[in-house]
Amino acid sequence: MFNGLHDIDWSSMEHAYGSAEEIPSLLSALCSTDAEERNKALSRFYGAVHHQGDVYLCTTASLPFLFELAGDAAVPGRAAIVALLVSIGSEAVERCEDDYGGPMDHVGAAAVMRERAEAFVGFASDTDPRVRRAAIPGLGLFLDDANRAGAVLRGRLSAEPGIVERLLVVETMATLALRLPTWSDEAMAWLAGLAADSAAGTETRLAAVVQRARCAPAQISQDIVPAAIGLLREVAHATAPPGEWRDSPRRAAPAGGVPPQIVAAFEDLDRQGRVHASTTDLMRTFHRALAARIPQRTALLAEQLRSPDPGSRLDAIRMSAELMKSWRGDHTSLIMLVAEHLDATDQEVAAEAAAVLEACHPIAEPAREALAAHVLAQRAAYGPDVWAAPQPHLRRAHQKAVRGLARLGDARAVPSLLTALDSGVDDWRAVQVAGTLPEAADRLVPRLCDHLRRVDLAQQRFEMSARSMLSALAALGDQAALPLIADTLAAAVRHQQWDITCSALEALKVFGSAAAPALGAIRPLTASSDAHVRPAAVSALWAIGGDQEEVMPLLHDLLEDRIPFQISEAADVLGAIGRPAVAALPRLRELLAHDYEWVRVACAAALWEMGGEAEASTVLDTLLQVWAQNPATANHVVACLDRMGLAAESALPQLRSQLALPQRGGRFASIDNDEELQRVSRLIIARLT
């Protein structure tokens, strides 16, 4: 085995982490009889030689040896090697048109995969179902003879006893049609026949319906969703009981000493990667094909959410979040359907419903009473310490519901938040939402201050916690916290914790002149060598001191800086100063030609605040150009248009076009930014028409 392996100069090639000279040892380890050694080698191969899907020259050079391993029946763990080949090949085929050389070699890898495509015919008929499962997608990705590939796939469908493999065959036929359009008509006809074949099995027929939609989304007719719903109902009668939920391997959690927020993020990644029902992948494919057809997708999700199988419902709750977070529309009915699952007998389902309502809180108002009832019922059933319940799903269900309620500004969340802050159990989760409840500041602020005092700012791992506490204290606005915030600023500077320093400056800024005793600590920071601290200090100096003569020279220096965010922050402060800062107008006009759109939008907004009507035409042209160039600036642009009043009239067409888009937009295309973008856009349109 491996003839010629050592004739290759592996050290002359590189992978993601440097020299590729380790590849021969990795290939040898992949055929080890020791499962742990094989797994380590496979993990390293994915992590370095096929890093995040990349295909390097050394990846291509390793392909013949991977094929040799996959084709040897004596090699243990062959399915994993076939899956690795498919992963490398699929990336290479997809990206070979955009291959610009350098260390990448998508073109070369794609050529190798096509030359050896016939090997996948053999792998797909292997006696080991795991090998077949890994190999079937390769038939649609690498065989260029569509007739040959189609014939093999039809044969595999009739030969396969396993439902997972049968669904893969149907999916692969669609992949083949999408890759080789000349095969599309034949594939579509085959899928249509399969969908109508009562002897094919319900899940297979459902897969045929879905894959036809995937192949031709523009041809999706009104009867496709009802047909899929009917098949989904048939599948539901034969679903596995809760104890047999299908699941994927867990991700490894970070090592000890990692902030709890990071641990939770890994847990969320693991949770999102899990699948609990055989139809889940199909339904995700169907939802992608349906795209902006929100009523049809909502009807489909309603059926999924009513499934008798808790695993199907759990996955459907997550799909509901994906729809609401990515697409606009009236999601009231879907919010209420998700809220119904707060009372599910399975706590994992209830926890997921609560998590979705929290994530979608900008549109979750219809679920307010359901969340409150759930929180109160849990406290009544399990006691006031249910926030720290030992059962993980019960704890998560309560915490997510409390957080969702808090994000709606509902004081009924306060008792559980106080329990969290008093007990110290998952208190960071309570801190993150405490700032949404200013009416409870008298109870929250003393506890937040106690927590902040106990943070060891010399330890980097407490940075996220300290910043969250400072943000919460700023949002609550209780001046009783000012001395502690000032002390935290001093300690952060002393320990060179610059991110915490910036957070403390932002918090002090909120209090305005009431924070004047901190000016002595703020002034030296305006000359900080840290790129983020310096503009944050200048901004705080103006917000608290309000001395134009003091801040204008500092702002001028920032405007002359090369760092874009420093220029933008300086422009924001100039906008806050307004007309008295007219001396900066010439420089702001120059910066409207800056090559970074975020600088231009900030300077245009400042120009309006300082120059008013005289600058309206220039400001408006800049804002609309920036918005067209980078849709992520929409929130900033629309906020300025709102302040411009009648002068923004010529922006009406772009505002209407924005509201007509089906997908969410704004900064990060997040649900909160998009909902705000829509709200302000509608206000402007109503004012101007």
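No experiment lies behind these values; they were computed from the predicted model shown.
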> Are Glu675 and Arg328 close enough for a salt bridge, meaning some N to O gap below 4.0 Å?
Replying inline: no

>> Strictly distance-based, threshold 3.5 Å: is any side-chain N or O of Arg368 a donor or acceptor partner for the main-chain N or O of Leu408?
In response: yes

>> Donor-acceptor pair, distance only, cut-off 3.5 Å: does the side chain of Arg166 make one with the backbone of Ala200?
In response: yes

> Considering residues, nucleotides and ligands other than Arg114, do more than 12 of their heavy atoms fall under 6.0 Å from its CZ?
Replying inline: yes

> Quick one: does Ser278's side chain get under 4.5 Å of Ile163's, heavy atoms only?
Replying inline: no

>> Between Met104 and Val55, does the side-chain contact (heavy atoms from CB on, under 4.5 Å) criterion hold? Intermediate values first, please.
In response: CA-CA 6 Å; Met104 299 300 169; Val55 177; 5.7 Å; no

> To the nearest 0.5 Å, what is the distance between CG (Leu301) and CZ (Arg306)?
Replying inline: 11.0 Å

> Roughly how far, to the nearest 0.5 Å, is the CG atom of Asn673 from the CD atom of Glu676?
Replying inline: 8.5 Å

>> Counting neighbours of CD on Gln272 that are heavy atoms of other residues, nucleotides or ligands and sit closer than 6.0 Å, is the number greater than 12?
In response: yes

> Are the side chain of His341 and the backbone of Leu337 linked by a donor-acceptor contact shorter than 3.5 Å?
Replying inline: yes

> Asp330 and Thr332: side-chain donor and acceptor closer than 3.5 Å?
Replying inline: yes

> With no hydrogens and no angle check, is any side-chain donor or acceptor of Ser307 less than 3.5 Å from a backbone partner on Gln304?
Replying inline: no

> Salt bridge or not for Arg95 and Asp54, using N-O below 4.0 Å?
Replying inline: yes

> Arg78 and Asp126: side-chain contact (heavy atoms from CB on, under 4.5 Å), yes or no, with the steps?
Replying inline: CA-CA 11 Å; Arg78 291 167 57 230; Asp126 197 90; 2.9 Å; yes

>> Less than 3.5 Å apart, any donor N or O on the side chain of Thr633 or Asn630 sitting next to an acceptor on the other?
In response: no

> For Gln399 and Arg403, what are the C-alpha separation, side-chain angles and deciding distance, and is it a side-chain hydrogen bond (donor to acceptor under 3.5 Å, both in side chains)?
Replying inline: CA-CA 6 Å; Gln399 292 182 358; Arg403 284 165 56 95; over 6 Å; no

> Among side-chain atoms of Arg395 and Gln391, is any donor-acceptor pair under 3.5 angstrom?
Replying inline: no

> Distance from Asp144 atom CG to Met113 atom CE, nearest 0.5 Å?
Replying inline: 12.0 Å

> Of the non-hydrogen atoms in Val638 and Leu655, which two are nearest, and what is the gap between them?
Replying inline: CG2-CD2, 4.1 Å

>> Restricting to non-hydrogen atoms, name the atom on Ala359 and the atom on Ile671 that form the minimum distance, rounded to 0.1 Å.
In response: O-CG2, 3.7 Å

> So, are Arg412 and Glu369 salt-bridged, with charged N and O less than 4.0 Å apart?
Replying inline: yes

> For Met283 and Arg288, what are the C-alpha separation, side-chain angles and deciding distance, and is it a side-chain contact (heavy atoms from CB on, under 4.5 Å)?
Replying inline: CA-CA 9 Å; Met283 290 301 99; Arg288 283 194 292 271; over 6 Å; no

>> With side-chain hydrogen bond (donor to acceptor under 3.5 Å, both in side chains) as the criterion, how do Arg214 and Thr175 come out once you've worked through the C-alpha distance, each side chain's angles and the decisive distance to 0.1 Å?
In response: CA-CA 9 Å; Arg214 174 188 167 212; Thr175 300; 3.0 Å; yes

> Would Asp197 and Arg205 pass as an ion pair if we require N to O under 4.0 Å?
Replying inline: no

> What distance do His331 atom NE2 and Cys360 atom SG have between them, rounded to the nearest 0.5 Å?
Replying inline: 8.0 Å

> To the nearest 0.5 Å, what is the distance between CD (Gln663) and CG (Asp674)?
Replying inline: 10.5 Å

>> Which residue is it: Arg313, Lys400, Arg396, Arg274? I am looking for the one with a salt bridge (charged side-chain N to carboxylate O under 4.0 Å, His left out) to Glu352.
In response: Arg396

> Are any of the side-chain nitrogens in Glu165 or Arg156 under 4.0 Å away from the carboxylate oxygens of its partner?
Replying inline: no

>> Evaluate His276 against Ser312 for side-chain hydrogen bond (donor to acceptor under 3.5 Å, both in side chains), listing each step before the verdict.
In response: CA-CA 6 Å; His276 302 91; Ser312 297; over 6 Å; no

> Between Arg154 and Glu186, is the closest basic N to carboxylate O distance under 4.0 Å?
Replying inline: yes

> Are the side chain of Ser184 and the backbone N or O of Leu180 linked by a donor-acceptor pair below 3.5 Å?
Replying inline: no

